[in-house]
Amino acid sequence: MVSGLINANPVVYEKKERRQRPASIPDADEYSAEAIDQLEVFDHVRDIKDPEHPYSLEELKVISEDAIEVDDRRSYVSCFRVTFTPTVEHCSMATVIGLCLRVKLMRSLPSRYKVDIRVAPGTHATEAAVNKQLNDKERIAAALENPNLVDMVDECLAPSYA
Amino acid sequence: MDFDDEGSNFELKEIQTLSGHTDRVWSLAWNPATGTDDAQPVIASCSGDKTVRIWERSALTRSWDCKAVLEETHTRTVRSCTWSPSGKLLATASFDATTAIWENVGGDFQCVSTLEGHENEVKSVSWNASESLLATCSRDKTVWIWEVMPGNEFECASVLQGHTQDVKMIKWHPTMDILFSCSYDNTIKVWAEDDTGDWHCIQTIVSGHSSTVWAISFNAGGDKMVTCSDDLTLKVWEADIEGMRSGNNQVLWKHLSTLSGYHDRTIFSVHWSREGIIASGAADDAIRFFVESKDSVVDGPSYRLLLKKEKAHDMDVNVVQWSPGENRVMASASDDGTIKIWELATSSN
C-alpha cells in the first residue's frame, strides 16, 4: 500500500535539552522593556507538530534555535526572522508549516514584534513562491478565515501550548 | 507648491484616534461630498471584524464620533471601501467574494445592492469620475467592470483577465475612463475601452516593481501616478495627458522616478495629495511624506523625504488617505485596530 504522505520516513532527531528559564509572567506587559530573545521564540514553536507526522518540528529539525534571528537594526520596530527547513524539497506542506509558525507566533508574541518567515535557501523547489505567500499578510489573513485550514493549524499547534 | 521655501520643519500632529473596530482596520475613505462649510467630514472604515464604520466629526465639539456600524452583511473581512464621487453611495469589498453597495437613507445606511461573481476574496473597488462605472478586483486574478444602472442596479460589463496572480487594487484615472490595476504578479495593468465598447489591457508595466504592487495613486493633474510595493520602493510614472484626452489609447505610462532606500518593510498604501505631497503607510508602523525636489538637475523631477513619522501606529499602517476638504489633514488606519486623524503642520521654531 503506497503511503499518501509526502515524506513517509522522516529522520527524527533528539530534542535539544531545555534550559531552565526564570518563570515568565503569562500576560507580559505589551510595552515591557524586556526584549524577547531567540530562545523564547524557539520555545514557542519547537513543539509544533508536523502536519503529517507525530513528531515536533524540533524533532524533525524543521526548526532550530539557530534558525531564528533577531533583527534589531531599527530601534522603533522589533523583528524576528524565522527560517525553517522542510524535510523534503517538494514538500507541499511547506506553506502549512509556515502558516503554523506564523499563527503560533502571532498568538504568543506581543503585537509590536514583526515576524518574517522563510524556507531555508536551497531547501525547497518553489522557495520564492512559498516565501512570498508566507509573508503576504493579506493572503495569510484570508487563509486564516478558512475553517478547515484553521483546524489543521490548531491541531499542529496543540502540543506547543503546554 | 514649493515645499523647500516653507521652512524645513514639518511635523505630523495627531488630532484624534478613532477606536471601535475589534480587528485590524484595512482601509478607509473620506466622503468626498463632506468636509466643507456645510457638511462635516465623514470617513468610512472597514475591518477584519467584518464591519464598516461611519465616522463623522461633530460641528459643535470638532470631535469625531462613530455614527454607524454596518454589520451583518459581509460574512468575512471587509477589505476596502470607497464612496461614489457624489458621496451618495458607499461600495465595500469583502473576502466573502461580494461587493456591497450602501446608501444613506435618512441617516441609516442600507445595503441596496450586492455584487456577486468573483470566485474568491474581493480586494478593492473603485468608482469612475462620472459614477457610471464601478470596478472590482480579486484574488481570482480578474478585474470586473460594472455599469451603474438606474435604481441601484449594477450590470457586469466586462470580466478582464490578464493578471497571473491576485489583483490587489484597482483605481480609475481621476478624469478619464481608464482603469489601472496592480497585482501580486508584480505588474501594473492599464485597461481602456475601444471603439466597439470592449475593454482590454492597453499596457502592462512589467519591468517596474520586483514584488507585489499594493497600491496606486494619481496626482491632481492626472498625468502622474505613484505606486508602492513589497519591493520597498515607491515608483512614479507619467504619461502624456493631452494624448490620453484626445482618445489615443496608445499613450504609454513611463517610469519617471524610483524612491528607494526610504522604506525597509512592505509599503501598503500611498496617496498623492492635491498639493503634491505623497504620503506612504508601511509595515514598520511609520508614515512618510515625499515631495518633488527642486534640487534635481538632469533627468527630470526627483523626490525627497519631507518627513518620517515613526510609530504613527502600534502596528502596520494599512492605509493613508488625505482629506479631500481640509488642507494637509490626513487619516491612517492600522492593524492595531485604530484610525488616526493627523494634520501635517509646519512647526515654528
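Protein chains get the first letters and strands the later ones, always in sequence-line order, with residue 1 at the start of each. For clarity, every value in this text was computed on a predicted model and none was experimentally measured.
- For chain A, the option among B/Ala283, B/Gly48, B/Ala286 with the highest count of heavy-atom pairs below 4.5 Å is B/Ala283.
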From CA spacing to verdict: side chain to side chain contact (heavy atoms under 4.5 Å, CB included), B/Arg265, A/Asp116: CA-CA 10 Å; B/Arg265 292 192 70 80; A/Asp116 292 327; 2.9 Å; yes
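- With salt bridges taken as basic N to acidic carboxylate O contacts below 4.0 Å, none links B/Asp166 and A/Lys132.
- The shortest side-chain heavy-atom distance between A/Lys137 and B/Arg24 falls under the 4.5 Å cut-off.
- Counting heavy atoms from C-beta outward, A/Asp136 and B/Trp214 have side chains that approach closer than 4.5 Å.
- Heavy atoms closer than 4.5 Å to chain B are found in the backbone of A/Ala129, but not in its side chain.
- Residue B/Asp230 does not touch chain A at all, counting heavy-atom pairs closer than 4.5 Å.
- In this structure, A/Gln133 CD and B/Gln165 CD are separated by 8.0 Å, a value rounded to the nearest 0.5 Å.
- A pairwise comparison of heavy atoms in A/Val77 and B/Asp284 identifies CG2-O, 3.4 Å as the closest pair.
- For A/Lys49, the NZ atom sits in a packed shell: over 12 heavy atoms of surrounding residues, nucleotides or ligands are nearer than 6.0 Å.
- Shortest non-hydrogen contact noted between B/Trp26 and A/Ala141 is CZ2-CB, 4.0 Å.
- No other option in A/Arg139, A/Lys114, A/Glu138 has as many heavy-atom pairs under 4.5 Å with chain B as A/Glu138.
- Heavy atoms of B/Tyr184 lying under 4.5 Å from chain A belong to its backbone as well as its side chain.
- Nearest heavy-atom pair across A/Ala142 and B/Arg76 is O-NH2, 3.1 Å.
- For B/Asp336, no part lies near chain A; criterion is any non-hydrogen pair under 4.5 Å.
- Within 6.0 Å of the OH atom in A/Tyr55, the count of heavy atoms belonging to other residues, nucleotides or ligands does not exceed 12.
- In the displayed structure, B/Glu310 atom CD is contacted under 6.0 Å by more than 12 heavy atoms of other residues, nucleotides or ligands.
- Ranked by heavy-atom pairs under 4.5 Å with chain A, the list B/Asp264, B/Thr212, B/Asp285 is led by B/Asp264.
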